[in-house]
Protein chains: 2
Amino acid sequence: MKKDTIIDLQRVENESFEGNNCPMTNALKIIGGKWKLQLLNSIRKECPLRFGELKRKMQDITQATLTLQLRELERDGIIERKIYAETPPRVEYKLTELGKKLIPAIEALCTFGDAYCAARPNN
Amino acid sequence: MKKDTIIDLQRVENESFEGNNCPMTNALKIIGGKWKLQLLNSIRKECPLRFGELKRKMQDITQATLTLQLRELERDGIIERKIYAETPPRVEYKLTELGKKLIPAIEALCTFGDAYCAARPNN
DNA sequence: CAGGATCCCAAGTGATACTG
DNA sequence: CAGTATCACTTGGGATCCTG
């Protein structure tokens with residue numbers, strides 16, 4: 001599907017190349033999902049957080065999607081999933097050490113979100 | 001289509017509500033496109049930047065998509081489009097003052113991207 | 001060179017029902 | 001409570017061709 005991932009070496013050596021080794025591209029592989037950043041922002045502020053609480057906070061997300069996004073973050077080593085053998089079941093999510101490295105970026109984005117709202121109230 | 005945007009007031013008053021007024025949600029409205037962050041990252045590092053240069057850096061993007069993403073960023077007040085009346089035509093893109101407020105977030109994401117790569121080389 | 005105009009598809013989501 | 005399993009569908013983005 002992906003046309004070809006062959007990298008033009010001549011261009012790789014050019015410092016202006018923004019190909020697959022670009023740090024931003026790598027970051028986007030992790031936080032690229034539609035809900036990932038909101039999820040991480042919630043978990044960051046309240047850690048750990050249960051499945052049901054996350055669902056309530058996201059309000060428009062469906063369970064299926066929420067589960068999928070959380071699984072991907074877990075697979076990528078960003079969050080940790082802890083299951084408690086109780087009835088009713090309880091599952092808590094928290095940031096891993098690697099995930100915590102995203103906190104500065106998340107906070108910076110929130111800062112921008114506020115600034116943007118202040119500058120353009122009608123968006 | 002959007003089920004309903006009616007907001008449960010009881011929940012709005014709850015400090016744990018992460019609804020439509022969440023700063024992260026607002027930020028995502030702006031940087032939510034597939035290429036937006038990469039584009040902004042490129043323009044940040046080399047400003048101003050021409051259309052053709054952006055296209056080369058993104059390498060896998062099509063012209064149509066590139067144009068669309070740039071237009072959206074322009075509409076949202078993040079970048080500025082400057083047309084030079086020359087032949088062949090020249091169009092340059094640069095960050096607006098509002099757009100520059102995204103720089104810390106972009107840099108933080110790049111930092112994370114590098115850290116992530118170092119921690120998990122095989123992703 | 002920097003787009004505009006179309007057509008089109010698959011991935012990502014949503015809705016719904018069921019379960020340990 | 002915290003999922004899993006299907007099915008259906010929207011839409012962002014890709015391919016392609018055309019133009020001032």
Side-chain angles (χ1 to χ4, degrees), chain A residues 1-6 16 20 25 28-39 42-43 46 48-76 79-94, chain B residues 1-6 16 19-20 25 28-40 42-43 46 48-76 79-94:
Chain A
M1 234 79 305
K2 262 235 150 175
K3 221 26 183 312
D4 60 336
T5 319
I6 297 166
S16 73
N20 291 334
T25 303
L28 284 171
K29 285 179 195 162
I30 310 304
I31 52 100
K34 180 173 180 182
W35 303 91
K36 299 260 178 80
L37 281 171
Q38 276 115 318
L39 287 173
S42 289
I43 299 178
E46 201 175 331
L49 211 43
R50 298 184 56 170
F51 184 86
E53 293 178 286
L54 276 169
K55 173 140 181 44
R56 245 179 298 109
K57 286 172 194 298
M58 299 297 111
Q59 78 168 5
D60 272 343
I61 201 173
T62 52
Q63 284 198 350
T65 300
L66 176 55
T67 299
L68 184 63
Q69 304 272 317
L70 286 170
R71 287 294 194 283
E72 289 180 5
L73 287 172
E74 187 191 4
R75 169 177 52 77
D76 291 336
I79 62 174
E80 206 173 322
R81 183 162 169 264
K82 193 165 186 179
I83 309 164
Y84 293 84
E86 307 172 353
T87 35
R90 179 156 64 106
V91 178
E92 285 182 351
Y93 294 90
K94 51 180 287 203
Chain B
M1 235 79 304
K2 261 237 150 173
K3 209 52 170 305
D4 60 336
T5 320
I6 298 165
S16 75
N20 291 334
T25 303
L28 284 172
K29 285 179 194 161
I30 310 305
I31 52 100
K34 180 174 180 181
W35 303 91
K36 298 260 177 80
L37 282 172
Q38 277 115 317
L39 286 173
L40 292 171
S42 289
I43 299 178
E46 201 175 330
L49 212 43
R50 298 185 56 170
F51 184 86
E53 293 178 286
L54 275 170
K55 171 135 183 45
R56 244 180 300 107
K57 286 173 193 297
M58 298 298 111
Q59 75 168 7
D60 272 343
I61 201 173
T62 53
Q63 284 198 349
T65 300
L66 176 56
T67 299
L68 184 63
Q69 303 272 314
L70 287 170
R71 287 293 195 283
E72 289 179 3
L73 286 171
E74 187 191 4
R75 168 177 53 78
D76 291 336
I79 62 174
E80 205 174 322
R81 184 161 168 263
K82 192 165 185 179
I83 309 165
Y84 293 84
E86 307 173 351
T87 34
R90 179 158 62 108
V91 178
E92 285 181 351
Y93 295 90
K94 52 181 284 203

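A note on names: the letters A, B, ... follow the listed sequences, proteins ahead of strands, and every chain is numbered from 1.
Contact between the side-chain N/O atoms of A/Arg50 and the OP1/OP2 oxygens of D/dA2 is found at a separation under 4.0 Å. Regarding contacts with the backbone of D/dG3, every side-chain N or O of A/Arg90 stays at 4.0 angstrom or more from both OP1 and OP2. Between C/dA2 and B/Arg81, no contact under 4.0 Å exists linking OP1 or OP2 to a side-chain N or O. Taking side-chain N and O atoms only, B/Arg71 has a distance below 4.0 Å to OP1 or OP2 of C/dG4.
Nearest heavy-atom pair, A/Gln69 versus A/Gly33, reported as atom, atom and distance to 0.1 Å: OE1-CA, 3.9 Å. Between B/Tyr93 and B/Ile43 the shortest heavy-atom distance is O-CG2, 3.9 Å. Residues A/Leu39 and A/Leu70 share a closest heavy-atom pair of CD1-CD2, 4.3 Å. In this structure, A/Leu54 and A/Leu49 approach most closely via the heavy-atom pair CD2-CD2, 3.7 Å.
Separating the CE atom of B/Met58 from the P atom of C/dA2 is a distance of 15 Å, rounded to the nearest angstrom. In this structure, CD of B/Gln63 is placed 11 Å from C1' of D/dC18, rounded to the nearest angstrom. Rounded to whole Å, the distance from CD on A/Glu86 to C1' on D/dA2 is 13 Å. Rounded to an integer number of Å, the gap from CD1 of A/Ile79 to P of D/dA2 is 14 Å. Atom-to-atom, CD1 of B/Ile83 to C1' of D/dG20 comes out at 13 Å; the value is rounded to the nearest Å. In this structure, B/Lys57 places its NZ atom 13 Å from P of C/dA2, rounding to the nearest Å. Going from atom CG of B/Leu49 over to atom P of C/dC1 covers 15 Å, rounded to whole Å. Rounded to whole angstrom, the span from the CG atom of B/Leu54 across to the P atom of C/dG3 amounts to 10 Å.
Note that CZ of B/Arg56 and CZ of B/Arg50 are 9.0 Å apart. Values are rounded to the nearest 0.5 Å. Annotation: the span from A/Lys36 atom NZ to B/Leu28 atom CG amounts to 12.5 Å, rounded to 0.5 Å.
The nucleotide whose nearest atom lies closest to any side-chain atom of B/Pro89 is, among D/dG3, C/dG20, C/dA2, C/dA2.
Two residues are said to be in side-chain contact when any heavy atoms from C-beta on lie closer than 4.5 Å; A/Trp35 and A/Leu66 fail this criterion.
When the C1' atoms of four end pairs are superposed on the next four at each end of the helix from C/dC1-D/dG20 to C/dG20-D/dC1, using five pairs per end, the two resulting axes differ in direction by 60°, to 10°.
Checked for salt-bridge contact, B/Glu92 and B/Arg90 meet the test: a charged N lies under 4.0 Å from a carboxylate O.
With a 6.0 Å radius and a threshold of 12 heavy atoms from other residues, nucleotides or ligands, B/Lys94 has its NZ atom at or below the threshold.
For A/Gln63, the side chain to side chain donor-acceptor pair (under 3.5 Å) test picks out no residue, with sequence neighbours left out.
Both A/Pro88 and A/Thr67 lie close to DNA chain D; mapped to their nearest nucleotides by heavy-atom distance, the more 5′-ward contact belongs to A/Pro88.
Counting non-hydrogen atoms under 4.0 angstrom, B/Tyr84 reaches nothing in the nucleic acid.
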What N/O pairs connect the protein and nucleotides 12-14 of chain D at under 3.5 Å? Give each pair on its own line.
from	atom 1	to	atom 2	distance (Å)
D/dG13	OP1	B/Lys34	N	2.6
D/dG13	OP2	B/Gln69	NE2	2.8
D/dG14	OP2	B/Thr65	OG1	2.9

